[in-house]
Amino acid sequence: MIKIEVPATTTNFGSGFDTFGLSLHLSNIFFVEFSEEFTVEVSGYKSGIPENENNLFIKVYKRVCEKIGEVPKPIKLLQENNIPPARGLGSSATAIVGAIEGTLALFNKRISLEDKIEIAFEFEPHPDNIIPALVGGFTVCATSETGVLFKKLDFPEELKLVFVIPDYKVPTSEARRVLPGAIKLKDTIFNVQRSALFVSALLTRDYELLREAVKDKIHQIYREELVPGLGKAIEESYKKGALATFLSGAGPTICSIVLENGEDIGERIKEIVENASGHSAQVKILKAMNTGVKVFS
Ligand code: HSE
């Protein structure tokens with residue numbers, strides 16, 4: 001059997017909407033081999049993940065077969081889901097990236113990174129989860145007419161990420177539907193300034209700038225209606241010493257970047273989110289991962 005491990009990712013970091021992504025020390029694991037018929041077995045977080053040919057991994061497998069000129073022979077897929085789906089932690093990107101690498105390993109074929117990204121985009125047209133899941137680390141991405149341009153940076157070792165993951169889903173499509181069709185010039189400038197500041201602060205390890213650098217006026221503020229308690233959670237996290245707090249991807253997970261006091265910060269955010277939403281939440285403290293997808297054949 002071929003084993004593929006694909007990391008979770010957190011994206012946006014407030015101001016860097018659809019641009020920043022970071023690979024995390026938490027992975028979904030996929031096992032695949034050729035078989036008599038298509039079979040899918042999901043373990044871990046199973047809810048809403050099809051155990052048939054509608055499974056995203058199988059759909060991407062078929063697309064990659066087409067790309068490399070192979071007949072999509074039936075496969076057996078075992079999917080170990082350690083990342084809660086539809087929470088803003090890149091769970092679907094793991095299935096897409098896992099299927100691309102898994103298919104290439106099954107047929108012993110190679111394609112360029114550009115081609116991998118192009119296929120991935122057919123299924124998820126935002127680079128911020130896909131790129132760090134492929135290459136690891138902190139990535140700054142830009143979509144252009146000729147494809148995705150990106151730069152990978154090492155995320156500072158000493159920073160930890162506290163995730164408060166509520167027990168309800170927010171599909172990315174819904175989180176995009178609440179966004180306005182047009183953004184005011186002053187709000188655009190606000191985000192451009194802060195996203196540039198965020199990268200500069202990371203590169204110079206000037207962590208005091210992070211709190212201002214993750215502020216946003218183009219997506220997160222509109223998504224607060226989908227994530228009750230977000231505003232208060234951000235405010236209170238700073239009282240406990242968080243460096244920066246923002247919505248992870250399209251939400252509803254909330255992420256704090258911290259140097260210390262992670263448990264305390266996580267528990268405070270959890271309390272606020274649980275009270276405001278009526279749903280329970282779990283806290284996970286993770287480190288950034290400098291590597292992306294791994295294949296073991
Ligand atoms: N950046 C996307 C969003 C999620 O916030 O809608 C990741 O693809």
Side-chain angles (χ1 to χ4, degrees), residues 6-24 26 28 56 60 83-100 116-144 147-152 161 163-166 168-183 187-188 190-192 194-195 198-199 213-227 230 234 244-255 257 286 288 292-293:
V6 196
T9 41
T10 184
T11 66
N12 293 338
F13 292 77
S15 59
F17 183 44
D18 278 1
T19 304
F20 300 153
L22 177 69
S23 172
L24 302 167
L26 173 71
N28 279 348
L56 182 55
V60 178
I83 307 168
R87 303 297 206 291
L89 291 167
S91 166
S92 26
T94 69
I96 297 168
V97 168
I100 292 172
K116 290 177 190 175
I117 295 170
E118 201 180 303
I119 293 174
F121 257 50
E122 292 173 20
F123 294 88
E124 186 163 301
H126 320 117
D128 44 345
N129 289 121
I130 296 289
I131 303 292
L134 275 166
V135 304
F138 179 78
T139 55
V140 180
C141 304
T143 34
S144 79
V148 179
L149 306 170
F150 73 90
K151 207 73 198 163
K152 172 180 168 178
L161 299 117
F163 291 92
V164 178
I165 310 168
Y168 63 88
K169 295 180 179 178
V170 173
T172 303
S173 52
E174 196 184 331
R176 292 188 91 86
R177 222 176 11 247
V178 298
L179 304 182
I183 299 287
D187 291 343
T188 309
F190 183 94
N191 270 57
V192 170
R194 276 150 193 81
S195 60
F198 186 83
V199 176
V214 297
K215 286 189 185 162
D216 160 83
K217 288 205 177 174
I218 66 177
H219 71 105
Q220 196 170 280
I221 47 158
Y222 299 104
R223 289 170 164 176
E224 285 203 35
E225 63 177 272
L226 301 174
V227 188
L230 174 63
I234 292 175
T245 303
F246 49 89
L247 197 60
S248 177
T253 295
I254 297 172
C255 176
I257 302 176
L286 301 172
V293 55

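Counting convention: from 1, in listed order, for ligands and their atoms alike. Heads up: numbering here begins at 1 and tracks the sequence.
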Exercise. Would you confirm whether R87, through its side chain, and V170, through its main-chain N or O, come within 3.5 Å as a donor-acceptor pair?
Key: no
Quiz item: Would a distance-only check, ignoring hydrogens and angles, find a side-chain to backbone donor-acceptor pair under 3.5 Å from E124 to I130?
Solution: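 Looks like no, no N/O pair under 3.5 Å.
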Quiz prompt | Test of proximity, T172 against ligand 1: N or O pairs below 3.5 Å | solution =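 In this structure, T172 places no N or O atom under 3.5 Å from an N or O of ligand 1.
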Quiz item: Within 45 degrees of the axis of the six-membered ring of F198 and under 6.0 Å from its centre: does R194 put its NZ or CZ there?
Solution: no
Quiz item: Which of parallel (below 30°), tilted (30 to 60°) and perpendicular (above 60°) describes F20 and F13?
Solution: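 Answer is perpendicular, since the angle exceeds 60°.
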Practice problem: Please state whether the rings of H219 and F17 are parallel, tilted or perpendicular, taking 30° and 60° as the class boundaries. | Solution: parallel
Contact atoms of ligand 1, heavy-atom distance to [X] under 4.0 Å:
X	answer
D18	1 (N), 2 (C), 3 (C)
D128	1 (N), 2 (C), 7 (C), 8 (O)
F17	3 (C), 5 (O), 6 (O)
H126	8 (O)
N129	7 (C), 8 (O)

Quiz prompt | Which segment of R176 sits under 4.0 Å of ligand 1 when only heavy atoms are counted | solution = side chain
Quiz item: Does ligand 1 have a heavy atom under 4.0 Å from the side chain of R223, from its backbone, from both, or from neither?
Solution: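 Only the side chain of R223 comes within reach of ligand 1.
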Quiz item: When you check the side-chain N and O atoms of T253 and S248, is any donor under 3.5 Å from an acceptor?
Solution: no
Self-check item: Test side chain to side chain contact (heavy atoms under 4.5 Å, CB included) applied to L22 and T11, D128, L161, the passing residue
Solution: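 When side chain to side chain contact (heavy atoms under 4.5 Å, CB included) is applied between L22 and each of T11, D128, L161, only L161 qualifies.
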Quiz item: So which of T10, N12, T19, T11 gets nearest to atom 5 (O) of ligand 1, if we judge by its closest heavy atom?
Solution: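 Shortest heavy-atom distance from atom 5 (O) of ligand 1: N12.
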